[in-house]
Amino acid sequence: MTHRSLLRTMPPYLPVLIILICMFALNGLAEPNSLSAYAIKGLVSTYLALMFLAVGQTIVIFAADIDLSVGAILGLVNVTVVSLMQALGDTPGAILLSMLLAVGVGAACGALNGVLVVILRLQAIVATFATSVLFLGLALWVMPVAGTPAPRLFWRTFGGRIMGIPFAYFVLAALLVLIFLLARSRFIQRLLTVGDDQLAAFQTGLPVTSIRVRGYIMCGVFAAFAGLCITGDTASGDPNVGGLITLNSVAAAVLGGAALSGGVGTLFGSVLGALVIGLVGSLVFFLGTPSEWQNLVQGLTVLAALMVGILFSGRARA
Amino acid sequence: MTGKFKATCVAAVLGVTAVSASAEEFTIGLSNGWVGSEWRTQMIAEAEEAAKAWADKGVTVTTQVQSANVDVPGQIAHVRNFISQGVDAIIINPNSPTAFDPVFAEAADAGILVIATDAEVSSPDAIYVGIDQKGWAEMSARWLAETLEGKGTVVAINGVAGHPANEMRVAGYQEVFGEFPDIEIVNEVNGNWDQAQGQQAMQNILATYPDIDGVWVQDGMAAGAWRAMQDAGRDDIYATGEIRKDFIDIWSENKLKSGASVNPPGVMASALNVAVNMLQGKKLKEPATAGVYGNALYLPIPFISDENLSEASQALEGQPGYTSFTSELSIGDATALFE
């Protein structure tokens with residue numbers, strides 16, 4: 001098999017998978033305890049939110065769009081679901097209803113983004129940045145100060161175990177099944193087609209507008225799932241919780257092999273990318289980096305990971 | 001590189017064994033989730049120095065630092081990394097007041113002492129050692145109200161809306177100004193703790209309310225607000241100030257009409273000195289039960305006014321301009337709090 005055909009047949013998430021394995025190995029060398037059952041469970045439950053967010057981000061990136069409001073949607077969902085659970089009570093039924101409504105909020109936010117970007121044709125970067133400010137404003141209106149606790153049943157379940165297995169692993173499994181199904185769906189194939197060449201997709205009769213809007217709605221739904229995960233891991237509402245997570249979701253998608261120019265990437269790769277981002281932070285610490293250099297080393301490590309990805313795939317991507 | 005990794009592993013393993021071998025060696029993890037200001041850098045440096053100072057008492061305190069701009073999950077990861085590493089105590093300047101409840105519970109289950117500083121946390125598994133942000137605001141608001149002899153119009157320039165420290169500070173000045181019936185707050189704006197935004201907010205305020213008598217403004221935004229007032233040639237307005245050397249120099253040279261509550265970067269060092277006493281198994285004379293969450297141990301808040309401005313100036317002599325006026329509980333002060 002020649003070098004070229006090997007490149008063509010390898011799964012697109014292979015580079016990020018290799019980077020992830022290296023990250024685990026380096027972390028394990030630097031701090032053996034970082035591979036303990038506790039640490040792995042901690043890693044998964046801490047970064048579940050980023051994994052969901054990265055998958056949502058990847059869906060819009062497939063169509064060459066971007067959503068800079070995912071962090072704000074996550075924050076809005078976080079305060080909404082906590083306020084709803086506070087209002088409706090802490091019975092299992094009320095909790096499920098609150099979660100369902102919160103996912104609705106995420107979908108509505110995504111729909112607004114879709115309308116602004118796709119139908120009103122505002123530039124995606126600017127429009128979703130503007131809606132991020134709007135969603136943060138709404139979150140502050142729902143909950144002016146961080147602090148309302150989530151019902152014990154909710155976060156105890158998220159942080160607990162079922163049949164001895166941490167609940168976070170069940171959520172991760174559900175995410176992977178969801179990705180598996182989505183990746184084979186006509187919806188994702190069409191998004192990729194639109195992202196690859198929007199004009200051609202339009203000329204072949206694909207409903208480009210509707211596909212892109214639905215991409216944004218799906219992204220909002222995933223941001224809502226991420227919001228539920230963060231609520232589970234933090235047990236409270238905080239309107240500012242989504243502060244820095246948005247750009248991490250973009251970085252995770254690109255690390256996972258998605259091209260911001262659209263048409264390329266896998267959802268699974270983005271999940272791995274999210275884990276890499278999480279492990280980079282830990283590695284920087286476990287290597288004993290002095291505090292004043294930690295941001296710098298973290299940035300350089302992410303850059304290096306991106307470059308490795310490009311070397312592997314044999315071409316630079318936008 | 002591998003050699004370095006191995007060295008780190010060995011050091012970590014040795015560290016753990018050493019802790020179990022002797023009660024007078026402690027590893028303390030310091031977590032800081034935001035590196036946007038020199039205040040935070042100074043906070044960590046002072047805490048690291050405080051740890052070294054314990055050597056004189058025959059106690060070896062090793063610090064592990066995680067300091068980077070992180071989101072809440074990123075700082076939860078800090079805590080989990082410390083738990084994996086097996087530290088004895090964690091001192092954290094938290095990015096959220098409530099979001100760490102579950103992970104602090106995990107730390108407590110692992111037998112790790114958790115102390116928050118600079119921003120209070122709701123977790124029953126942690127205590128807070130730092131200043132009372134509300135009291136901090138009350139102090140400078142009272143200075144302003146009394147300097148204005150209890151009458152006049154004032155504006156407030158606040159930090160980040162929804163940030164707990166900001167909301168506590170807002171509650172603090174509103175309460176104090178409320179005690180003075182002739183003081184009217186004509187506007188409150190957000191400057192997001194950003195010096196440039198503070199300056200811009202002040203320019204807008206001067207344009208809209210040329211007749212104001214006083215400005216209540218927080219932290220680094222005060223330097224920006226003062227610059228706007230000086231540019232506009234307004235030396236008739238009283239305004240709160242801040243605690244960095246640059247500003248204190250301008251204050252002294254231009255005889256500004258200012259006063260400043262001090263949130264000293266030494267709070268983390270104070271928390272560390274409290275932590276070591278706790279790790280030695282001592283009990284606080286007065287349990288930490290203050291604050292909205294009932295788990296706070298409040299530190300004294302210094303105040304800089306014209307009366308002690310020269311002392312503050314002297315304390316900062318020869319330091320870089322970004323250095324903040326600081327104070328901390330010394331080992332002796334901290335030990336005196338314990339039985």
Side-chain angles (χ1 to χ4, degrees), chain A residues 26 29-36 38-39 42-43 45-50 71 136-137 139-140 143-149 155-156 158-159 229-230 232-246 248 277-278 281-282 284-292 294-295 297-298, chain B residues 1-2 4-9 11-13 16 29-30 32-35 41 44-45 48 63-86 95-103 105-106 110 122-123 160-164 166-168 292-293:
Chain A
L26 290 173
L29 278 172
E31 172 59 62
N33 278 339
S34 71
L35 300 182
S36 67
Y38 168 79
L43 177 79
S45 54
T46 310
Y47 288 100
L48 265 179
L50 183 58
L136 175 64
L140 282 167
M143 190 179 289
V145 194
T148 314
W155 67 269
R156 277 287 179 185
F158 186 88
C229 291
I230 230 166
D233 208 25
T234 63
S236 62
D238 181 348
N240 291 318
V241 75
L244 290 169
I245 207 168
T246 302
N248 276 342
I277 299 236
S282 305
V284 167
F285 165 62
F286 287 137
L287 287 180
T289 316
S291 61
E292 57 268 38
Q294 287 180 0
N295 258 355
V297 175
Q298 198 165 343
Chain B
M1 280 301 258
T2 336
K4 200 175 175 189
F5 293 149
K6 276 185 189 153
T8 323
C9 307
V13 173
V16 173
L30 309 176
N32 169 43
W34 185 65
V35 291
T41 322
I44 291 170
E48 286 179 310
T63 49
Q64 300 280 356
V65 185
Q66 293 188 87
S67 173
N69 275 335
V70 286
D71 47 27
V72 167
Q75 204 171 16
I76 290 177
H78 281 182
V79 177
R80 289 193 168 129
N81 287 341
F82 283 139
I83 298 175
S84 293
Q85 226 187 12
N95 279 2
S96 163
T98 53
F100 298 100
D101 284 20
V103 79
E106 284 174 24
S122 57
S123 168
V160 173
H163 190 289
N166 184 64
E167 301 306 317
M168 284 174 158
V292 278
Y293 303 119

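Values reported hereafter were calculated over all heavy atoms of this structure, with side chains retained and with hydrogens, waters and symmetry mates removed.
Using modelled atom types, one side-chain atom of A:Gln294 and one backbone atom of B:Val65 make a donor-acceptor pair closer than 3.5 Å.
Of the residues considered (A:Leu43, A:Asn240, A:Val284, A:Asn248), A:Asn240 shows the highest number of contacts with chain B, using heavy-atom pairs under 4.5 Å. Per-residue heavy-atom pair counts under 4.5 Å with chain A were compared for B:Asn95, B:Thr98, B:Asn32, and the maximum is reached by B:Thr98. Comparing B:Asn81, B:Val79, B:Asn69, B:Val70 by heavy-atom pairs within less than 4.5 Å of chain A, the highest count is held by B:Asn81. The candidate from B:Ala99, B:Ala161, B:Pro164 with the greatest count of non-hydrogen atom pairs under 4.5 Å with chain A is B:Ala99.
Distance CD1/B:Ile76 to CD1/A:Ile230: 7.0 Å, rounded to 0.5 Å. To the nearest 0.5 Å, atom CD of residue B:Gln66 and atom OG1 of residue A:Thr289 are 10.0 Å apart. Taken from CG in B:Asp101 to OG in A:Ser236, the straight-line distance is 6.0 Å, to the nearest 0.5 Å. Atoms CD and OG, on B:Gln85 and A:Ser282 in that order, are 10.5 Å from each other to the nearest 0.5 Å. Separating the OG1 atom in A:Thr234 from the CD atom in B:Gln75 is a distance of 13.0 Å, to the nearest 0.5 Å.
No part of A:Ala49 comes within reach of chain B, as not one of its non-hydrogen atoms sits under 4.5 angstrom from that chain. Looking at A:Glu292, there are no atoms closer than 4.5 Å to chain B (heavy atoms on both sides), in backbone or side chain. Contact annotation for B:Val160: only side-chain heavy atoms (C-beta onward) come within less than 4.5 Å of a heavy atom of chain A. Contact annotation for B:Ser96: both backbone and side-chain heavy atoms come within less than 4.5 Å of a heavy atom of chain A. For B:Glu167, the part lying under 4.5 angstrom from a heavy atom of chain A is the side chain only.
Of all non-hydrogen atoms in B:Ser84 and A:Asn33, the two that sit nearest each other are O-ND2, 2.8 Å. In terms of heavy-atom proximity, A:Leu140 sits nearest to B:Gly162 at CD2-CA, 3.6 Å. Minimum heavy-atom separation, A:Thr46 to B:Pro73: CG2-O, 3.0 Å. Among all heavy-atom pairs drawn from B:Gly74 and A:Tyr47, the shortest one is CA-OH, 3.9 Å. Pairing each heavy atom of B:Arg80 with each of A:Ser45, the nearest pair is NH1-OG, 3.5 Å.
Every ring pair (Phe, Tyr, Trp, His ring centres under 6.0 Å) that B:Phe100 has, sequence neighbours left out, goes to B:Phe104.
Two residues are said to be in side-chain contact when any heavy atoms from C-beta on lie closer than 4.5 Å; A:Phe285 and B:Gln64 meet this criterion. Considering only heavy atoms from C-beta on, A:Asp238 comes within 4.5 Å of B:Pro97 through its side chain.
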